[in-house]
Amino acid sequence: MPNEIKGEEQQGGMSTTDRRTLLRTAGLAGAAGAALAGTMHGKFSLAPVSEAQAQTPISMPKGTDKPWWPSKWGPEDEAGASNHITPEKVLDAAKWIKDGKIYKIGRVYEGGMPLFGPRAFTLRIPGGPTGGPFGDNKLVYHDEFLSTEIGQTGTQFDGLGHIGIQLGKDGDKSEMRFYNGHTAAEISDAYGLKRLGVEKLKPLFTRAHLIDMVALKGGMMDAGQEITSADIKAALAKQNMSESDIKPGDAIMFHTGWGSLWMKNNDRFNSGEPGIGLDAARWVIEKDLALTAADTWAVEVVPNPDKSLAFVVHAELQTKHGIHNHENLIFDELIADKKYQFVYCFAPAPIKGATGSNGCPIAIT
Ligand code: UVW
């Protein structure tokens, strides 16, 4: 995150300087000396909104006007919008499976893929083969060693402990708040998050609506180009889909064309991206959706049209509403087959205390 981005090295094409400049600009404007005095909820037991609001002090960071906890899923909840996935929801989603075709909508993980800032992805297989031969049958085997931010590289599903908002002074972990008001002081640990780890999420199996922004705009969108709720409505109409068919707990996905730069022009891919802004985020919240996704590395527009804001859609959806986010997906085959509605299926890797998950999401039609 902003203050932790160090070094001038080039990672996956984008220099960390570029991203740091972007983030510092936003950080300066957003850190308006917010202080939240006396609103600490007890350890893991959260104050009701009314009490928290009553004690809310004068200033909050830009983009935040009031505390966002407890969540609609209860003050102890750590599963966020994955709670939408009930047996009824699964059965309803399954009605969309018509031809039984499965599309992989995740990228292949490999060295050379674009990475955010100084993140790394390094796979090694020592030996070759790693071990053996064993027994008279002379068995040999390979094991890999992987060094990476496992939930935050390549196709990545953001967990609820990933994004928080600093409400207090710099360095005050007791007022760095995450989903459901959990603080960095409570959850951060060098050996994995003590709360909000990705293992707490329920597997997702839900109806997904794919918005083809390339078709709507007539070509690949550009960095900094915002997808608005009006764009979503226009794309739905163009694709003969009805807005009223989008139900609570569904997923919305955006094909912007930006993914065509993947490993072809990592510099440009990393330099920013098209995506949803706060207007579309409010539409997602109003619809009570479970997940946003896109063929980009953040799903949201970067830079934000309001240059003082950084990853504000992440905070709005994930931190404040527990709505999940899946980044760096690939929709080319679905688009080619004109499949805009399908079942999205993904079980986050249950790595205790992890901030997100790698893995291969699938679309079933
Ligand atoms: C950040 O970590 C800021 O972004 P992302 O979730 O897109 O990796």
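One-based numbering, in listed order, for ligands and for the atoms of each. We're numbering straight along the sequence, starting at 1.
- Using 4.0 Å as the threshold, R119 has a heavy atom nearer than that to some atom of ligand 1.
- Listed by number with element, the atoms of ligand 1 under 4.0 angstrom from any heavy atom of W297 are 7 (O).
- Remark: the backbone N or O of S82 is paired with a side-chain donor or acceptor of H324 at under 3.5 angstrom.
- For the ring-ring contact (aromatic ring centres under 6.0 Å, His included) test, no residue two or more places apart in sequence or in another chain qualifies with H255.
- A distance-only check finds a donor-acceptor pair linking the side chain of N180 to the backbone of G74 [under 3.5 Å].
- You'll find the ring centres of F157 and F346 inside the 6.0 Å limit.
- Proximity to E327 (heavy-atom distance under 4.0 Å) selects the following atoms of ligand 1: 5 (P), 6 (O), 7 (O), 8 (O).
- Taking every heavy atom of D158 and a limit of under 4.0 angstrom, the matching atoms of ligand 1 come to 6 (O).
- Ranked by closest heavy atom to atom 1 (C) of ligand 1, the top entry among E273, Q152, Q318, H162 is H162.
- For K72, the side-chain hydrogen bond (donor to acceptor under 3.5 Å, both in side chains) test picks out D288, with sequence neighbours left out.
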Stepwise salt bridge (charged side-chain N to carboxylate O under 4.0 Å, His left out) test for R195 and E186: CA-CA 8 Å; R195 297 211 67 170; E186 293 167 342; over 6 Å; no
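- Below 4.0 Å from some heavy atom of A298 lie the following atoms of ligand 1, by number and element: 7 (O).
- Numbered from 1 in the order shown, with element, the atoms of ligand 1 that lie under 4.0 Å from a heavy atom of Q156 read 8 (O).
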